[in-house]
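Below, chains carry the letters A, B, ... as their sequence lines are ordered, and counting in each starts from 1. Everything numeric in this text was worked out from a predicted model, so none of it was measured.
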There are 2 protein chains.
Amino acid sequence: MLSNSSKYAIKAVLYLAVNSSPKQRILAKDISVPTNIPKAYLSKILQELSRHHIVSSLRGPGGGFYLSDENRAISLLEIIRVIDGGYRLTSCMLSLKDCDEEHPCPMHDLVGGTKAQFVENLRRTTVNDLVEDIAEGRSFLPL
Amino acid sequence: MLSNSSKYAIKAVLYLAVNSSPKQRILAKDISVPTNIPKAYLSKILQELSRHHIVSSLRGPGGGFYLSDENRAISLLEIIRVIDGGYRLTSCMLSLKDCDEEHPCPMHDLVGGTKAQFVENLRRTTVNDLVEDIAEGRSFLPL
DNA sequence: TCTTTTATATGATGAATATCATGTTTTACC
DNA sequence: GGTAAAACATGATATTCATCATATAAAAGA
């Protein structure tokens, strides 16, 4: 469904969303331990996210990663796009070049509605939305 | 979403569904060309499908691959299971071990409905159903 | 300005997936 | 039975993805 890297990215962003603030930076290794993401690999992902302004960071003593208010308004789809590229989620289920709404392939027709809706949900849902879900007990974050 | 191998498997099965019958066997290479699937790789997939009775085959001159009536009643989910294993499609979006309906993770809650519905569609839809869709013009098979 | 603490950049290794190549078995037909 | 046509089995290579390791740059504080 998603690459491992994207899952890690979302987990890390959610961890930051819950535990960090512009004044409360968090080290990569302090995300790595509770989330069970290998430290070196997580660092690489965080840097990629930082470069694309999905997360914020500060170097030097007292530095680390955190989310700005802008970061919290970012949608899940944007995170996935940065890591997996734009194609993986939105492409045709059978990878047919000419498949579209006009000319749907058999699978497209079958799952088109649900998949399109799924991607649309990802586009519409921000980091903040998920944090609210957690805060209000509608979902939980088992790290 | 699906592995490449699963996509190839479904394409090949659909090709057989439209073009083969127990008396009209088709060679791997004659599926390979119109579907743009590498011949040697396709052969391996067809053999895997044959071993699991997803497709039927006959060796020797005049032999080849085809679908029996039983094969046509098989669901897409079974095909995907044989190639990708049971886990890939149904597992939690964030690969969290403890995520379930009682304890949904944030992504689960977000896409749970649509994904569950999607998998259920795959479970319910047979090869025959897709062929009907093609025959009646509700979808097409761009090879 | 020196040292420490952090992120960043780059490259190396390992694992999984996709692809290719070659040999073996079965079956039909002469 | 011998021969050719096919599936079947097995292993080798390549490519992508996940993981690790090491060196560099920036920032803070002494």
Side-chain angles (χ1 to χ4, degrees), chain A residues 1-12 16 20 22-32 35-68 71 80 82-85 87-88 91 94-95, chain B residues 1-12 16 20 22-32 35-68 71 80 82-85 87-88 91 94-95:
Chain A
M1 206 84 171
L2 302 181
S3 73
N4 239 318
S5 300
S6 273
K7 294 179 182 178
Y8 286 169
I10 291 174
K11 274 170 105 173
L16 285 175
S20 85
K23 310 204 155 175
Q24 180 67 37
R25 276 88 76 173
I26 302 191
L27 306 184
K29 81 163 177 263
D30 292 333
I31 305 175
S32 159
T35 55
N36 283 316
I37 305 173
K39 182 170 84 69
Y41 190 28
L42 173 62
S43 294
K44 202 168 220 176
I45 292 172
L46 284 171
Q47 283 153 212
E48 187 78 11
L49 293 175
S50 175
R51 197 175 316 128
H52 288 85
H53 307 101
I54 305 285
V55 305
S56 305
S57 64
L58 274 183
R59 297 205 233 199
F65 296 94
Y66 64 97
L67 296 193
S68 68
N71 295 148
I80 295 168
V82 163
I83 303 295
D84 283 350
Y87 197 64
R88 185 165 184 148
S91 66
L94 293 179
S95 300
Chain B
M1 207 81 171
L2 302 181
S3 73
N4 239 318
S5 300
S6 273
K7 294 180 184 179
Y8 286 169
I10 292 173
K11 274 170 106 171
L16 285 176
S20 84
K23 310 203 156 174
Q24 180 66 36
R25 275 90 75 173
I26 302 191
L27 304 185
K29 80 162 177 265
D30 291 333
I31 305 174
S32 159
T35 55
N36 282 317
I37 305 172
K39 180 170 86 69
Y41 192 29
L42 173 62
S43 294
K44 202 168 218 175
I45 292 173
L46 283 171
Q47 283 153 213
E48 187 79 10
L49 294 175
S50 174
R51 199 175 316 127
H52 288 84
H53 307 101
I54 305 285
V55 304
S56 305
S57 65
L58 274 182
R59 297 205 231 200
F65 296 93
Y66 65 96
L67 296 193
S68 66
N71 295 149
I80 294 168
V82 163
I83 302 296
D84 283 349
Y87 196 64
R88 186 162 184 152
S91 66
L94 292 179
S95 300

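Put simply, the side chain of B:Ser32 gets close to the backbone of B:Ile37: a donor and an acceptor are under 3.5 Å apart. B:Asp84 places no side-chain N or O within donor-acceptor distance of the main-chain N or O of B:Leu2, the cut-off being under 3.5 Å.
If you take NZ on B:Lys11 and CG on B:Leu16, they are separated by 13.5 Å, rounding to the nearest 0.5 Å.
Atom NE2 of B:His53 and atom C1' of D:dC8 are 14 Å apart (whole Å). For the pair B:Ile54 CD1 and D:dC8 P, the interatomic distance rounds to 14 Å; values are reported in whole Å. Distance A:Arg25 CZ to D:dA26 P: 18 Å, rounded to the nearest Å. In this entry the distance linking CD1 of A:Ile26 with C1' of C:dA7 reads 15 Å, nearest Å. When the P atom of C:dT8 is taken as reference, atom CG of A:Leu27 falls 12 Å away, rounded to whole Å. Atom CD of B:Glu48 and atom P of D:dA7 are 16 Å apart (whole Å). With rounding to whole Å, B:Leu49 atom CG is found 14 Å from D:dC8 atom C1'.
Between B:Leu49 and B:Ala9 the shortest heavy-atom distance is CD1-CB, 4.0 Å. Here the closest non-hydrogen pair linking A:Pro22 and A:Leu67 is CD-O, 3.7 Å.
Judged by distance alone, the side chains of B:Tyr41 and B:Ser5 do bring a donor and an acceptor atom under 3.5 Å apart.
Not one side-chain nitrogen or oxygen of B:Ser57 sits closer than 4.0 Å to the OP1 or OP2 atom of D:dA6. A sub-4.0 Å separation between OP1 or OP2 of C:dT8 and a side-chain N or O of A:Ser50 is present.
Looking at heavy atoms from C-beta onward, B:Leu46 lies in side-chain contact with B:Ile31 at the 4.5 angstrom threshold. A 4.5 Å side-chain heavy-atom check between A:Ile54 and A:Asn71 finds every atom pair outside the cut-off.
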Report each atom pair, protein N/O against N/O of nucleotides 24-30 of chain C, whose distance is under 3.5 angstrom.
| unit_1 | atom_1 | unit_2 | atom_2 | d |
| --- | --- | --- | --- | --- |
| C:dT25 | O2 | B:Arg59 | NH1 | 3.2 |

message: I need a per-nucleotide contact map over nucleotides 9-22 of chain C, read 5' to 3'. Cutoff is protein heavy atoms under 4.0 Å; write B for the base, S for backbone only, - otherwise.
response: BBB------SBB--

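Partners of B:Tyr66 by ring-ring contact (aromatic ring centres under 6.0 Å, His included), not counting sequence neighbours: none found.
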